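Atom set for the values below is all heavy atoms of this structure, side chains included, hydrogens, waters and symmetry mates excluded. The shown structure was predicted, so the numbers you read here are calculated from the model rather than taken from an experiment.
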Amino acid sequence: QLQLVESGGGLVQPGGSLRLSCAASGFTLDYYHIGWFRQAPQKEREGVSCISSRGDSTTYADSVKGRFTISRDNAKNTVYLQMNSLKPEDTAAYYCAAILVTRNTTVQDMCASGRGDYWGRGTLVSVSS
């Protein structure tokens with residue numbers, strides 16, 4: 001079964017850190033761009049950060065630049081999102097998605113459009129004192 005599974009969410013105080021993981025099973029991530037998206041209650045889903053299949057291109061939403069870092073370990077078939085200096089407005093369900101590189105989509109396009117071939121079920125992040 002082909003699936004993405006997110007983990008690492010939880011409750012954290014403002015200014016704290018979390019590291020989210022997106023693990024693939026049933027397929028290799030080597031040929032996929034990966035994106036992290038989030039959706040807060042009563043808000044539209046937004047692209048947080050996306051990374052190319054080789055890890056040589058990344059993009060970030062303006063709201064998380066300088067605080068979040070996306071990375072990938074293809075040997076572990078896993079993509080990470082390191083989130084530092086968390087703010088209450090980062091509270092959301094976070095999802096990872098994978099899109100095949102042969103779809104000719106840049107990471108910028110992936111994050112802007114929210115396109116993906118596979119999606120995880122999400123992990124909740126809550127930032128509150």
Is the shortest side-chain heavy-atom distance between I70 and V79 below 4.5 Å?
yes
Quick one: does V107's side chain get under 4.5 Å of I51's, heavy atoms only?
no
Should R67 and D90 count as an ion pair when the cut-off is N to O under 4.0 Å?
yes
Is E6 salt-bridged to R121, cutoff N-O under 4.0 Å?
no
Can you tell me how far the CG atom of N74 sits from the OG atom of S53, to the nearest 0.5 Å?
7.5 Å
Which value, rounded to the nearest 0.5 Å, describes the distance between F68 atom CZ and M83 atom CE?
5.0 Å
Run the side chain to side chain donor-acceptor pair (under 3.5 Å) test against R103 and tell me which residues pass, sequence neighbours left out.
D117
V127-L11 co-clustered via ILVMFWY side chain contacts under 4.5 Å
no
Shared ILVMFWY cluster between L20 and V64, side chains joined below 4.5 angstrom?
yes
Any residue meeting side-chain contact (heavy atoms from CB on, under 4.5 Å) with K43, in chain and number order, not counting sequence neighbours:
A40
Flag for Y80-R19: side-chain donor and acceptor within less than 3.5 Å
no
Taking K76's backbone N and O only, do any of them form a donor-acceptor pair with T78's side chain (distance below 3.5 Å, no angle check)?
yes
